[in-house]
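Please read these numbers as outputs of a predicted model, since none were measured by experiment. Lettering follows sequence order; numbering is per chain, from 1.
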Amino acid sequence: MSEKKLQSIRGIHDGLPAEVARWQRVEQAARRVFGCYAFSEVRMPVLEPTELFVRSIGEATDIVSKEMYAFTDQGGDQICLRPEGTAGAVRAWLQGGLTRSGTQRWYYIGPMFRRERPQKGRLRQFQQIGVEMFSAAGPIEDAEVLAMAHAFLSELGIPGLNIEINSLGCGACRPGYREKLTSYLQQRAGKLCETCNERIVRNPMRVLDCKVQSCQQELTDAPEMVAHLCDGCDDHFTGVQKGLDALAIPYRVNPRIVRGLDYYNRTAFEIVTDKLGSQGTVLAGGRYDGLVQELGGPATPAIGFAAGLERLAMLLDDVPLATPDVAVVVLGEEALGYSLAQADVMRKAGLSVVHCGGGSAKRQFKVADRELVRFVVAVGEDEMQAGVVTLKEMQNGQQQRLPVSEVVTVIKGQLL
RNA sequence: GUGGACGUAGUUCAAUGGUAGAGCCCCGGCUUGUGGUGCCGGUUGUUGUGGGUUCGAAUCCCAUCGUCCACCCCA
């Protein structure tokens, strides 16, 4: 008869202050850098019609077929928690009537939901920082989006990240390549692992980045998309690389990069680290020129990427929690009201202040100590009579009596 | 979804079938207008949960929940 322990759902974690401090650092870097590239923040719903993802991501993908939190609501509508951001962004862009508003540059930060088996760096509710650029066709835009991603991660100062790019071709050249690859794979099917044999049918390009060594040995001379691009895609891919070279952005062409979601074409990229085990992809994206039309809009080229906020946060050094500027200690009950008033004056002047709550001086100074404040303002009956406060600097124990207005000046000066 | 490791105090970890412990943290005192270092004292657990084996289970067995790791997939 013991009650079930009340706890969060599996794979869905809390963001406590120490964790949120790390998230905020990542978010601040994103906002600053994306702002420099003239991207605007958008906020989209977490709930969307299930149909949206079935049509955009592809019914056969794992995300849609088994990882969505989908349900029927009380009105009988098919609803789901969004598993990714791009489809909703396209929906919002269409619904907002922005198809003729020129290039739209968007970014968003928010939770996504996938019912996977949790692991480090893989949660059922996780946050993505996403970027979408609509009505942008050229390789220049691709290079700039890549440059923006690079600038964002550089701002965070995470070492050991590598940019890998590839071209996935388009409707004109991919089918032919796919056929060639499939027949190549079928000839070797006997020597490939079991999962690869399933992939040959479901998603042959996935075979190329199989982690099994014996598979990789078998695939050394496998045909690659980059060698089978049509002229248009080839020019585009060359253009992207020229742009990156001009910006001196380090990258590596990895012909084996594949996209999980159906809607990608041409440029695909990933930024990876080796410090997160098998969840090493920290940012990924690419071009999706066909998606808007797929969802009922006018043919519109677009490109975007998404970064995993928790994964990036894990790569950060410890982020110190903000500490208050001052702690207020009150000595004797008579001065309680006076102490509250002094705290109020300092807060209105912009300082961060904690009141130690009265009681014994010893207890209050311990409280102040634990708050890691640099200064304590102590007030008792003496100070109240004189209309001053005692300012103590905790590091060296020095203290002096001053009017509270001067305390503000001193602290603000020292905090600079 | 598949395979594996793990789960003991707020926390980090001991206790290999025989009375559940230690460090840190926390609270109080030495010191009722002064913190950190010191000394003294104190609180803390249905050993994740539920069953089973046993005279006796943190320890062995089963189930379940959760974390972690790999696969799958992906940010």
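- Within 4.0 Å of A:Glu194, counting heavy atoms only, lies no atom of the nucleic acid at all.
- Taking atom CD of residue A:Glu27 and atom P of nucleotide B:A75, one finds them 19 Å apart after rounding to whole Å.
- Listed nucleotides B:A75, B:C27, B:U67 differ in distance to A:Arg10; the shortest reach to its side chain belongs to B:U67.
- Side-chain N/O atoms of A:Arg124 include none lying less than 4.0 angstrom from OP1 or OP2 on B:C73.
- The gap from the P atom of B:A15 to that of B:U53 amounts to 28 Å, rounded to the nearest Å.
- As judged by a 4.0 angstrom heavy-atom cut-off over every strand, A:Thr61 is placed among residues making no nucleic acid contact.
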Inset, instruction - I would like to know whether A:Tyr107 and A:Phe39 meet ring pair (Phe, Tyr, Trp, His ring centres under 6.0 Å); could you show each step before the answer? - result: CA-CA 6 Å; A:Tyr107 75 88; A:Phe39 279 63; 7.6 Å; no

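- Between B:G33, B:U67, B:G35, one nucleotide has an atom nearer to the side chain of A:Met394 than all others, and that is B:G35.
- Rounded to a whole Å, the CG atom of A:Leu123 is 12 Å from the C1' atom of B:C74.
- In this entry the distance linking CZ of A:Phe152 with P of B:A75 reads 15 Å, nearest Å.
- The pair A:Arg259-A:Glu270 meets the salt-bridge criterion, since a charged nitrogen lies less than 4.0 angstrom from a carboxylate oxygen.
- Going from atom NZ of A:Lys66 over to atom C1' of B:C71 covers 12 Å, rounded to whole Å.
- Here the C1' atom of nucleotide B:A75 and the CG atom of A:Leu161 are 13 Å apart, to the nearest Å.
- The interatomic distance linking A:Met384 (CE) with B:G33 (P) rounds to 15 Å, in whole Å.
- For B:G17 and B:C13, the P atoms lie 23 Å apart once the distance is rounded to whole Å.
- In this structure, of B:A70, B:C68, B:C30, it is B:C30 that holds the atom nearest to the side chain of A:Lys362.
- For A:Arg311 and B:C74, a side-chain-to-base donor-acceptor distance below 3.5 Å is present, hydrogens and geometry of angles not being considered.
- The side chain of A:Arg117 sits closest to B:U2 out of B:A75, B:C73, B:U2.
- Between A:Trp106 and A:Phe134, the two ring planes are perpendicular [angle over 60°; tilted spans 30° to 60°].
- You'll find a donor-acceptor pair under 3.5 Å spanning the side chain of A:Arg122 and the base of B:C73, going by distance alone.
- For A:Lys120, counting side-chain heavy atoms from C-beta on, the closest listed nucleotide (B:G35, B:C65, B:C69) is B:C69.
- Residue A:His13 places at least one side-chain N or O under 4.0 Å from the OP1 or OP2 atom of B:U67.
- Contact check on A:Arg124 versus A:Glu116 returns no salt bridge, with no Lys/Arg side-chain nitrogen under 4.0 Å from an Asp/Glu carboxylate oxygen.
- For the pair A:Glu41 and A:Arg31, the minimum side-chain heavy-atom distance is below 4.5 Å.
- Among the protein residues, A:Gly285 comes within range of no part of the nucleic acid, since none of its heavy atoms lies under 4.0 Å from any strand.
- Counting any heavy atom pair closer than 4.0 Å across all strands shown, A:Gly359 reaches no nucleic acid atom.
- On a pure distance criterion of 3.5 Å, no polar donor-acceptor pair joins the side chain of A:Lys366 and the base of B:G36.
- Note on A:Ala306: only backbone sugar-phosphate atoms sit closer than 4.0 angstrom, heavy atoms only; bases stay farther off.
- Ring orientation note: the planes of A:His228 and A:Tyr177 are tilted relative to one another, at an angle of 30° to 60°.
- Checking B:U67, B:A75, B:C73 against the side-chain heavy atoms of A:Gln128 singles out B:A75 as nearest.
- Look at A:Arg115 and A:Glu67 and you find no salt bridge, because none of the NZ, NE, NH1 or NH2 atoms lies under 4.0 Å from a carboxylate O.
- Nucleotides of RNA chain B nearest to A:Glu393 and A:Ile271 differ in position, and the one nearer the 5' end is that of A:Glu393.
- Using a 4.0 Å heavy-atom criterion, one finds that A:Ser360 contacts no nucleic acid atom at all.
- Rounded to whole Å, the C1' atom of B:A9 lies 10 Å from the corresponding atom of B:U47.
- The side chain of A:Asp62 sits closest to B:C73 out of B:C73, B:A75, B:G3.
- Using a 4.0 Å heavy-atom cutoff across all strands shown, A:Gln399 reaches at least one base atom of the nucleic acid.
- For A:Gly280 and A:Glu381, each mapped to the nucleotide of RNA chain B holding its nearest heavy atom, the one lying further toward the 5' end belongs to A:Glu381.
- Spacing between B:C74 and B:A57 at atom C1', rounded to whole Å, works out to 43 Å.
- Using a 4.0 Å heavy-atom criterion, one finds that A:Glu84 contacts no nucleic acid atom at all.
- A close approach under 4.0 Å does occur between a side-chain nitrogen or oxygen of A:Lys211 and OP1 or OP2 of B:C71.
- For a distance-only test at 3.5 Å, the side chain of A:Arg363 fails to qualify as a donor-acceptor partner of the base of B:G28.
- The distance from atom CG of A:Leu331 to atom C1' of B:G33 is 5 Å, rounded to the nearest whole Å.
- Taking the side chain as every heavy atom from C-beta outward, A:Val377 and A:Val329 never approach each other to under 4.5 Å.
- A gap of 16 Å separates the C1' atoms of B:G35 and B:C30, to the nearest Å.
- Nucleotides B:U19 and B:U12 are separated by 25 Å at their C1' atoms, to the nearest Å.
- For A:Ala284, counting side-chain heavy atoms from C-beta on, the closest listed nucleotide (B:A75, B:U67, B:C72) is B:A75.
- Contact of A:Gln364 with B:U34 (side chain to base): no donor-acceptor pair of N or O atoms is detected under 3.5 Å.
- Using P as the reference atom, B:C61 and B:G21 are 25 Å apart when rounded to the nearest Å.
- For the side chain to side chain contact (heavy atoms under 4.5 Å, CB included) test with A:Leu315, the passing option among A:Val26, A:Leu153, A:Ile158 is A:Ile158; the others fail.
- At a cut-off of 3.5 angstrom, the base of B:G35 holds no donor-acceptor pair with the side chain of A:Gln395.
- When Watson-Crick and G-U wobble pairs are counted only if both distances are under 3.5 Å, B:G10 pairs with B:C24.
- Here the side chain of A:Arg370 is nearest to one of B:C74, B:C26, B:C73, namely B:C26.
- With rounding to whole Å, A:Glu116 atom CD is found 16 Å from B:G66 atom P.
- Using a 4.0 Å cut-off between a side-chain N of Lys or Arg and a carboxylate O of Asp or Glu, A:Arg401 and A:Asp382 qualify as a salt bridge.
- The partner of B:C39 is B:G29, by the rule that a Watson-Crick or G-U pair needs both atom distances under 3.5 Å.
- For the C1' atom pair drawn from B:C26 and B:G45, the interatomic distance equals 16 Å after rounding to whole Å.
- Using N1 to N3 plus N6-O4 or O6-N4 for Watson-Crick, or N1-O2 and O6-N3 for G-U wobble, each under 3.5 Å, B:G3 pairs with B:C69.
- Within the shown strands, nothing qualifies as a pairing partner of B:U53 under the Watson-Crick or G-U definition with both distances less than 3.5 Å.
- Residue-level contact check: A:Gly121 touches the bases, meaning some heavy atom is under 4.0 Å from a base atom.
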